[in-house]
Novice: 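Take a look at this one; I'll ask things after.
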Amino acid sequence: MSEDRLELEKLTKKIDQLNEQLLHSEKLASLGQLAAGVAHEINNPIGYVASNLVSLKEYIDSLMMLITQLCNQLPVEQTNRLKQLYDHDYISKDLPILMSQSESGLQRVIEIIRELKDFSHIDDVEFTEVDIHLGIHSTLNILANELKYKAEVKKVLGNIPKIKCVASQVNQVVLNLILNAAQAFTSFGTITISTGCNDSWVWICVDDNGPGIEQEKLETIFQPFYTTKDTGTGLGLALSRSILEKHAGIIEVKSSLGKGSCFTVKLPINHPSCS
Ligand SMILES: Nc1ncnc2c1ncn2[C@@H]1O[C@H](COP(=O)(O)OP(=O)(O)OP(=O)(O)O)[C@@H](O)[C@H]1O
Ligand SMILES: [Mg+2]
């Protein structure tokens, strides 16, 4: 009888673990898919807007030349009257400004699409050699809007080697940690992201000067569904820890109430090539 109960307990625990893993992978997959889907959908229209803009620029140049030449055929007073009527001077000054603003806006959108693709790495299912700093940059670009009224971000990036990992998953961990830091602030704060390494590990540290976490909660926060937020799922840190376990890595936290929190992610390097 007690053996049956033991077996039942073991099975229940296994089901709980599997449920947890399923939720984690669903959340991860949907975020990656969303990012890749958005990037793909925007890519097509942006392609023709970019090519139209090049033609538009040439057409405008031709039309302006035509206007100048036509004006030369007319008496000066008539030219001046027509130019005034159609705001010629203002338009010919404003047009190049509008064109160059549109071009740089478009460049920014193209950049964001590239970041989204880098971030989602939707095709990656394998461990590959990854430059962790690229992931940090693209994650920060994605979060730029979210962060701008909440925190200043400082980067103290060390000289670290590439490491073998699933880029999209490590990006996901960094995103969770930065978002948590930003969401913890009650007023404008500072998030410091630093990286470094020794012979065995590459580490990424996300440090904030927010309200901090009570010492007795430092383990609880990693439990699935533990959240203190109205709209939180409480999966961010649980997911991050399970990603790191898959990478033979670890996540550590230090916190001090009223001073802030520091989450450190350590990923193993199998080739000690740090200097
Ligand atoms: N930097 C931090 N400062 C203060 N508290 C934090 C910090 N990071 C995490 N926490 C606490 O840990 C809890 C769990 O975080 P976790 O990321 O797992 O879930 P969440 O942020 O609440 O929801 P979500 O699933 O949307 O990430 C948070 O609700 C918060 O109370
Ligand atoms: Mg979170």
Side-chain angles (χ1 to χ4, degrees), residues 16-35 38 116 119-120 132 135-136 138-156 166 168-196 203-247 249-267:
D16 284 351
Q17 277 174 352
L18 286 172
N19 266 337
E20 196 186 306
Q21 276 171 13
L22 190 67
L23 268 167
H24 289 170
S25 53
E26 272 173 3
K27 189 179 175 190
L28 189 70
S30 56
L31 251 173
Q33 272 166 15
L34 182 74
V38 170
L116 274 176
F119 174 77
S120 65
I132 294 292
I136 293 176
S138 67
T139 304
L140 282 175
N141 271 331
I142 283 171
L143 290 177
N145 217 29
E146 176 82 22
L147 296 175
K148 74 178 166 199
Y149 300 114
K150 291 190 176 147
E152 177 198 3
V153 178
K154 285 185 182 161
K155 282 180 280 184
V156 187
V166 184
S168 58
Q169 298 189 352
V170 174
N171 289 348
Q172 182 71 59
V173 172
V174 174
L175 179 114
N176 285 340
L177 297 180
I178 300 174
L179 262 186
N180 275 350
Q183 288 165 353
F185 291 128
T186 45
S187 57
F188 198 83
T190 303
I191 300 174
T192 308
I193 301 168
S194 45
T195 57
W203 50 261
I204 309 161
C205 189
V206 178
D207 191 273
D208 68 66
N209 61 351
I213 305 161
E214 292 160 47
Q215 293 305 304
E216 55 273 25
K217 288 275 155 50
L218 288 182
E219 192 42 48
T220 321
I221 54 171
F222 290 95
Q223 284 172 10
F225 308 114
Y226 174 82
T227 183
T228 51
K229 299 167 195 169
D230 292 341
T231 53
T233 63
L235 284 173
L237 288 176
L239 168 68
S240 302
R241 182 175 263 180
S242 93
I243 287 174
L244 286 162
E245 274 165 14
K246 270 194 260 168
H247 283 77
I250 41 176
I251 181 165
E252 290 169 348
V253 57
K254 283 192 186 129
S255 190
S256 168
L257 276 182
K259 289 196 177 153
S261 309
C262 178
F263 286 82
T264 306
V265 164
K266 289 182 182 167
L267 289 156

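Model, not experiment: these values are computed from the prediction. Computed from heavy atoms alone, side chains included, the values below leave out hydrogens, waters and symmetry copies. When a ligand or atom number is given, it counts from 1 through the structure's own listing order.
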Novice: Give, for atom OG of S242 and atom NE2 of H247, the distance between the pair rounded to the nearest 0.5 Å.
Specialist: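 Here the rounded value is 10.5 Å.
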Novice: For atom 6 (C) of ligand 1, which of L257, T220, I213 has the closest heavy atom?
Specialist: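 Of the listed residues, I213 has the closest heavy atom.
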Novice: Check each of G236, A182, S261 against atom 27 (O) of ligand 1 and report the one with the nearest heavy atom.
Specialist: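 It is G236 whose heavy atom sits nearest to atom 27 (O) of ligand 1.
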Novice: Begin from the C-alpha positions of L147 and L179 and carry the test side-chain contact (heavy atoms from CB on, under 4.5 Å) through to its verdict.
Specialist: CA-CA 8 Å; L147 296 175; L179 262 186; 5.8 Å; no
Novice: By number and element, which atoms of ligand 1 are closer than 4.0 Å to a non-hydrogen atom of K229?
Specialist: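 Reading through ligand 1 atom by atom, the close ones are 20 (P), 21 (O), 22 (O), 28 (C), 29 (O).
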Novice: Given K217, which partner from the list E214, Q215, E219 fulfils the side chain to side chain contact (heavy atoms under 4.5 Å, CB included) test?
Specialist: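 The passing option is E214.
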Novice: Going by the closest heavy atom to atom 12 (O) of ligand 1, which one wins out of I191, I221, I178?
Specialist: I221
Novice: Would G234 count as being in polar contact with ligand 1, using the rule that some N or O on each side must be under 3.5 angstrom apart?
Specialist: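 Indeed, backbone or side chain, G234 has an N or O that close.
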Novice: Among the heavy atoms of F263, does any lie under 4.0 Å from an atom of ligand 1?
Specialist: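 Yes, that is the case, since the closest heavy atom of the residue is under 4.0 Å from the ligand.
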Novice: Can you find an N or O of P211 that's nearer than 3.5 Å to an N or O of ligand 1?
Specialist: no
Novice: Out of curiosity, is N176 lining ligand 1, as in a heavy atom under 4.0 Å away?
Specialist: no
Novice: I'd like to know if the side chain of D208 and the backbone of S261 have a donor-acceptor N/O pair within less than 3.5 Å.
Specialist: yes
Novice: I'd like to check whether L237 has a polar contact with ligand 1, where a contact means an N/O of the residue lying under 3.5 Å from an N/O of the ligand.
Specialist: yes
Novice: Considering only heavy atoms, does D208 approach ligand 1 within less than 4.0 Å through its side chain, its backbone, both, or neither?
Specialist: side chain
Novice: What is the distance from atom CZ of R241 to atom CG of N176, rounded to the nearest 0.5 Å?
Specialist: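 Separation between the atoms: 13.5 Å.
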Novice: Examine N180 and say whether one of its N/O/S atoms is closer to the Mg ion (ligand 2) than 2.8 Å.
Specialist: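 Under 2.8 Å: N180 contacts the Mg ion (ligand 2) through an N, O or S atom.
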Novice: Can you tell which part of T227 has a heavy atom less than 4.0 Å from ligand 1: side chain, backbone, both or neither?
Specialist: both
Novice: Identify which one of I251, V173, I132 satisfies the side chain to side chain contact (heavy atoms under 4.5 Å, CB included) criterion when paired with I204.
Specialist: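 Of the listed options, the one satisfying the test is I132.
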Novice: Working to the nearest 0.5 angstrom, can you tell me the gap between K254 NZ and L218 CG?
Specialist: 11.5 Å
Novice: Between D207 and T192 (side chain of the first, backbone of the second, donor and acceptor by atom type, cut-off under 3.5 Å), is there such a pair?
Specialist: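 It does not hold such a pair.
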Novice: Roughly how far, to the nearest 0.5 Å, is OG1 of T139 from CG of N171?
Specialist: 4.0 Å
Novice: Does G210 have a heavy atom less than 4.0 Å from any atom of ligand 1?
Specialist: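 False for this residue.
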Novice: Going by distance only, is there an N or O of L235 that falls short of 3.5 Å from an N or O of ligand 1?
Specialist: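 So ligand 1 has an N or O lying under 3.5 Å from an N or O of L235.
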Novice: Is S255 reaching over with its side chain to a backbone N or O of G260, donor-acceptor style, under 3.5 angstrom?
Specialist: yes
Novice: What are the atoms of ligand 1, with element, lying closer than 4.0 Å to any heavy atom of A181?
Specialist: 1 (N)
